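Notes follow once the structure below has been shown.
Remember, it's a predicted structure, so these values are computed and weren't measured experimentally.
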Amino acid sequence: MAISMQNTIWDSVLEITKVAQEKGSDPLIWALQVSSSLSSSGVGLPSPELANVLVSYIFWDNNMPILWKLLEKALALRIVPPLMVLALLSDRVVPCRRSRPVAYRLYMELLKTFAFALKGQINVPNYEMVMKSIDGVLHLSHNFGLEATSPGILVVEFLYSIVSQLLDASLDDEGLLELIPEMKSRWATKPQEMEIDANDNYNQMQTEYHEKLYKMNTIMAIEMIGKFLQDKSTSRILDLVRQNLYVSFTLPTHWISFIQRLQLLGTNSSALRNSKILTAEDLLQLTTDSGGNIVLSRESKTRSLQKFHSVMASGSLVSSSGLYQGASQSALWLPLDLALEDAMDGYQVNATSAIEIITGSIKALQAINGTTWHETFLGLWVAALRLVQREREPIEGPIPRLDARLCILLSITTLVVADLIAEDENMPIDESECGSTNHWKENKLSGKRRIDLVSSLQLLGDYQTLLSPPQSVVSAANQAVAKAMLFVSGINVGSTYSECISMKDLPINCCLVLLLSAGNMRHLIVEACIARSLLDTSAYFWPGYVNGCISQIPHSMPAQVPGWSSFMKGVPLSPSMVNALVSSPASSLAELEKIFELAVKGSDDEKMSAATVLCGASLLRGWNIQEHTAHFITRLLSPPVPAEYSGSESHLIRYAPILNVLIVGIATVDCVQIFSLHGLVPQLACSLMPICEVFGSCVPDVSWTLPTGEDISAHAVFSNAFALLLKLWRFNHPPLERGVGDVPTVGSQLTPEYLLSVRNSHLVSSGNVLKDQNKRRLSAVATSSSAQPIFLDSFPKLKVWYRQHQKCLAATLSDLVHGTPVHQIVNVLLNMMFRKINRGSQSLTSVTSVSSGSSGPGTDDSTPRPKLPAWDILEAVPFVVDAALTACAHGRLSPRELATGLKDLADFLPASLPTIVSYFSAEVSRGVWKPVFMNGTDWPSPAANLSIVEEKIKKILAATGVDVPSLAAGVSSLATIPLPLAAFVSLTITYKIDKASERFLNLAGPALESLAAGCPWPCMPIVASLWTQKAKRWFDFLVFSASRTVFLHNNDAVFQLLKSCFSATLGPNAAAISSNGGVGALLGHGFGSHFSGGISPVAPGILYLRVYRSIRDIVSLMEDIISLMMLSVREIACTGLPRERLEKLKRSKNGLRCGQFSLTAAMTRVKLAASLGASLIWLSGGLGLVQALFKETLPSWFIAVHRSEQEEGSKGMVAMLGGYALAFFSVHCGALAWGVDSSSKRRPKVLGVHMEFLASALDGKISLGCDCTTWRAYVSGFVSLMVGCTPSWVLEVDADVLKRLSKGLRQWNEKDLALALLETGGVETMGEAAELIIEDQ
């Protein structure tokens, strides 16, 4: 019935139309009649059905001028929806444009009239129904693969389809589609059936006129395309397609094809040359943006952020002056300087590759600072150079030295750059695919990042202060410049010559030239880049790279010298050859592969010699192949089971000699740090665990003789492997106190289980590994040892020890059951340790609680030591140490005898030292032992230099602005420390400071400091005094270590140190950043005694980086950092801008007009304060602290009432700058923690909670206590930074939240920012963004 009635309505409309057609009625009268008829029938206007009826009637049976006039009047009076009519016409007219040129011209005229007047068309009651009808005609949802959740989405798709159809039609008309046959048009541009060339009813055209109109139509269609791309509203709507269908959705080919076709048209169109409105240059300019953006729309969008960025702008890296001292330009990279320096903390290894950390930081800083890649690369090189220069002559001690810093500069940084360039050029970079130096020329040289790398390195030559090489690499730098000079001079020399080249080998005139062109750090950087195919040898011809040339080379050169060239020619590994290869790094992967092959397939002596070579200079200074060296070492530590092996014992036993050589070779602090920097700690731990499991289970009745003549046992191999394994996590710390929420801190994650899980993650990430070059490398390393995941359960003995170790740290020892194997081993060990004492009338064991049932006298000196597996001994060690300590406490054992006995135990099984450490750490924390007097009789005395140590500590603290009143009174005349600490320090000072003891002292040293730090003051100065008597050359290091512990006992000292960090970074005023502030003041020159007058003052940043890991209350630490940041902002506003000018700096339409220069300077310092605060938060607490910041701390801060704001009257510059500072600070924290573009599992949840808070506050659902100016500045700043710097974050926020935020911003009259937020929000907000664009027409 309803269908019948509908048919009657439209029959009536057609009847009215036919009458008007026959009579030639006035279109206005016809329109009124149709409107009246439809209204009486209850049909709403404008009517999509009427549009369909009229178009169907006209085309093509009634294609007459009068009907076009009637249709135009219906459009003008809004009886029919214009967009619906245009959709119907595009589907019918465009395919027939060749045979119906007049209709095509009329269609484009209607398009010109109605396609740009969109505002009135979305404000009609049936707007949504109209758009659904258009979807039904053009099948937009199907073509785009999107669900039409809002009519605005269909508007975007409709406009894009209209322009695309015109584009394809124009290309087809000029025969240009044949140039891209693989790209078929998605739109109707040709008739589905063969046309019969019928005459138009309303105009009989001559063939010539027909063709002329056809060509004119092509010109007009191209001009229409230009108009769509240039119009403010339609161009911005079309840009939504790029953002949401190209960048963030599943159909990127839409936009890519669109841009390619536009470029094809602009380049080849003959019709375009005849246009008087649009030129080819104009059309091409619209597509020349690197991302394919529509330029005019991008300018329109940029305008929305100008207000914020005009305030936040701080300049760019354009000048080299003052960078070393900390100019404002270098301050942009302050977080990077802090991260690099933090990586040099020898007390902490990292399971995450420094490449990953630096790459993430670089991308975050590049996005937030808005710098070019030229500036970014320059900032990276400068920061890495500052890291090296900061410790040109480091103090002596068990800390990473220059090799680790050079690793950062010449290996890690070049790998970071290589990965960034590979990402830009989307090409593989491993040596197998890009081994030749011509690779740089063969690949796409148009890569923008590669070009920017070249320009940054060219400019780096201006930084002469930073480029001076440390003494240890002067020879390498000179070799690099000599190589370049020989190349420039056209002299071809072999690798043998280059190995021997030195100044004395060259003629006098050559030496004079080389003296003028002495090598510097830039020459080493360029060589590293050439080795990794980032540059080619054209770099040698850069202006100023070398001065002069060489006309001749010496004729008398050694024919054959031991070195890598000789080795590659087949010279065997003689002792002299091994020494040469150990002392000089391999120059290529091929050389390294050959030595690795010998380590796998050579004779036993060759294997050990090759292993020794790998652990030499190639690992420490082979910057161009360093990651491969470390990879080969980890592979050798995990030898596969031989095919012919059938023994019952582990196959690892037969590899004992080479395993020991490798383990000892990489046990130094610098080597461990290099493994950590390359992200190989998880794999190294995975390689060491089976070695510990196997050799710890062996009875030491077999020994092996090394080439040096030294005999090693299973105990020795186990102890060396176990000591190295324990360096890879903070084994002496209890499971942790510093967690935040449900996320543990970075330090607490370093457990055996965590290291294995990270290693296993490298396996499962192989699906995405090709997209991330660093993950690709780590995956290859992990897979080379085992393609299967490995868990702690695979090592039952290690797991038992680890659980016992955790229990020992967390609780007192359980009672030892008499008669058990453990009890028997305890007695054996006690008798071995105290055999001289046990000869007396009463044995030691008879008075100890754990072994009172023991019987029998002690053994004499000649009694052999027990042959027991190491794991069994370690299980008994806590009970042994407890018995010995108890005996000492009861006077049954003298302090000297206790120390001697413990040293005997550690000498017998060096691996027992970590368990001794664990026991003492636990006992000190319990506080049940009485203190002992370090009087020099029973216990060693610190009196000889205790006052000197205390005075130096005071100087260090005073230099950093820290005043601790408790230190003023000095140390008590009675130097007392807890018994476990006294026992441990007495044990450690019995060790010699030599290479053999170094790997165990490196393990015990941090534990001793941690132990002393946990005791009341002044335990640490006493320990430092005792150790300075033992190792005088470590004096500066020990005093500095002692000064760090002050902050663990005094929270106010931590606050003062943080305040000094802010003061040093910001300087006393705006001008001071370039002279007395910034990076130079914060981090200084490291610490050491290479300055006159003994140990130099330590910069506050260095001190904080060496302290924060031991601070437990990091939530309070975060609150202090925010408080100091806001205090700094207040001081900047009050000191940088005179009070009488504050009122003049009111916001206006064009930003801040009065005093613009002063405000820019103030904002530079505000951004620097925020950047420092964010860096400290990220370093101090990692993901957990950043999560707490967004979910808890920031909301609480805004809800709370701040009295200082009320007192100052916060409707001024202080409040506004404070809000901007918090915005920059919070986005900076998030960018460092989550990255700006990479996927993060936690980011969407945490960011979603924070954005919900912002939206709810804007909705009025949450009452705020902070100043409204601060709140408004924060919200607008935070949203602006997200939109402009981290658009991928916006995509992760719930669309409804974004819409609420946009609404709130519009209520603040922040219309441009509200629109930009919706534009960035993805497909779900695309429709609302389009409608907002149209509303602003």
Open item on the list: When you compare the side chain of L979 with that of K930, does any pair of heavy atoms fall below 4.5 Å?
Closed with: no

Task: Reported CG-to-CD1 distance for the pair L816 and I825, which is rounded to 0.5 angstrom - done: 10.5 Å

Task: E341 with R1106: basic N within carboxylate O range, under 4.0 Å - done: yes

Open item on the list: Side chains of D1113 and N1051, heavy atoms from C-beta outward: is any pair under 4.5 Å?
Closed with: no

- [ ] Starting at CG of N945, measure out to CD of Q1029 and round the result to the nearest 0.5 Å.
- [x] 5.0 Å

TODO: Using the side chain to side chain contact (heavy atoms under 4.5 Å, CB included) rule, take L913 and L905 through it: C-alpha gap first, then chi angles, then the decisive distance, then the call.
DONE: CA-CA 8 Å; L913 184 60; L905 175 60; over 6 Å; no

- [ ] Over all heavy atoms of both residues, which pair between P910 and S719 is shortest? Give the atoms and the distance, please.
- [x] CD-OG, 3.4 Å

Open item on the list: Do L1082 and C1061 make a side-chain contact, defined as non-hydrogen atoms from C-beta onward lying under 4.5 Å apart?
Closed with: yes

Open item on the list: If you apply the rule side chain to side chain contact (heavy atoms under 4.5 Å, CB included), what do you find for C1015 with V924, and how did you get there?
Closed with: CA-CA 7 Å; C1015 297; V924 164; 3.1 Å; yes

Open item on the list: Name the residue from T976, I977, V985 that meets the side chain to side chain contact (heavy atoms under 4.5 Å, CB included) definition with I1022.
Closed with: I977

- [ ] Decide yes or no for L909 and L874: does some side-chain heavy atom of the first lie under 4.5 Å from some side-chain heavy atom of the second?
- [x] yes

- [ ] Drop me the distance from M833's CE to L893's CG, to the nearest 0.5 angstrom.
- [x] 8.5 Å

Open item on the list: Does K807 have more than 12 heavy atoms from other residues, nucleotides or ligands lying within 6.0 Å of its NZ?
Closed with: no

Open item on the list: Treating S1010 as the side-chain partner and P1006 as the backbone partner, does any N or O pair qualify as donor plus acceptor under 3.5 Å?
Closed with: no

TODO: To the nearest 0.5 Å, tell me how far D904 CG sits from T990 OG1.
DONE: 9.5 Å

Task: Donor-acceptor under 3.5 Å (S1180 side chain, I1177 main chain) - done: no

Task: Contact check, side chains of N935 and S941, non-hydrogen atoms, under 4.5 Å - done: no

Open item on the list: Just by distance, no angles: are the side chains of T751 and Y802 close enough, under 3.5 Å, to form a donor-acceptor pair?
Closed with: no

Open item on the list: Check the orientation of F722 and F718. Use parallel for under 30°, tilted for 30 to 60°, and perpendicular for over 60°.
Closed with: parallel

TODO: Decide yes or no for Y1108 and D342: does some side-chain heavy atom of the first lie under 4.5 Å from some side-chain heavy atom of the second?
DONE: yes

Task: Aromatic plane relationship, F920 with F984 - under 30° parallel, 30 to 60° tilted, over 60° perpendicular - done: tilted

- [ ] Using atom types as modelled and distance alone, determine if a side-chain donor or acceptor of W1017 lies under 3.5 Å from a backbone N or O of T1045.
- [x] no

- [ ] List the steps, then state whether ring pair (Phe, Tyr, Trp, His ring centres under 6.0 Å) holds for H715 with F908.
- [x] CA-CA 9 Å; H715 275 183; F908 167 60; 5.6 Å; yes

Task: Side-chain heavy-atom pair K903, Y991 within 4.5 angstrom cut-off - done: yes

Open item on the list: Looking at N350, is its backbone amide N or carbonyl O close enough to the side chain of S676 to form a donor-acceptor pair, meaning the two atoms are under 3.5 Å apart?
Closed with: yes

Open item on the list: Tell me whether R1044 contacts the main-chain N or O of V1107 through its side chain, where contact means a donor paired with an acceptor under 3.5 Å.
Closed with: no

Open item on the list: Measuring from atom OG1 of T988 to atom CD1 of I916, what distance do you get when rounded to the nearest 0.5 angstrom?
Closed with: 11.5 Å

Task: E923 and R926, any side-chain heavy atoms less than 4.5 Å apart - done: yes

Task: Intermediate values then yes/no, side chain to side chain contact (heavy atoms under 4.5 Å, CB included), T886 and W929 - done: CA-CA 9 Å; T886 302; W929 299 90; 3.8 Å; yes

Open item on the list: I'd like to know whether CZ of R896 has more than 12 heavy-atom contacts from other residues, nucleotides or ligands below 6.0 angstrom.
Closed with: no

Open item on the list: Please evaluate residues T900 and F834 with respect to the criterion side chain to side chain contact (heavy atoms under 4.5 Å, CB included), reporting the C-alpha separation (whole Å), side-chain torsions for both, the decisive distance (0.1 Å), and the verdict.
Closed with: CA-CA 9 Å; T900 303; F834 307 110; over 6 Å; no

Task: Spatial distance of atom CG (L402) from atom CD (E391) [nearest 0.5 Å] - done: 9.0 Å

Open item on the list: When you compare the side chains of R803 and Q806, does any donor N or O come within less than 3.5 Å of an acceptor on the partner?
Closed with: yes

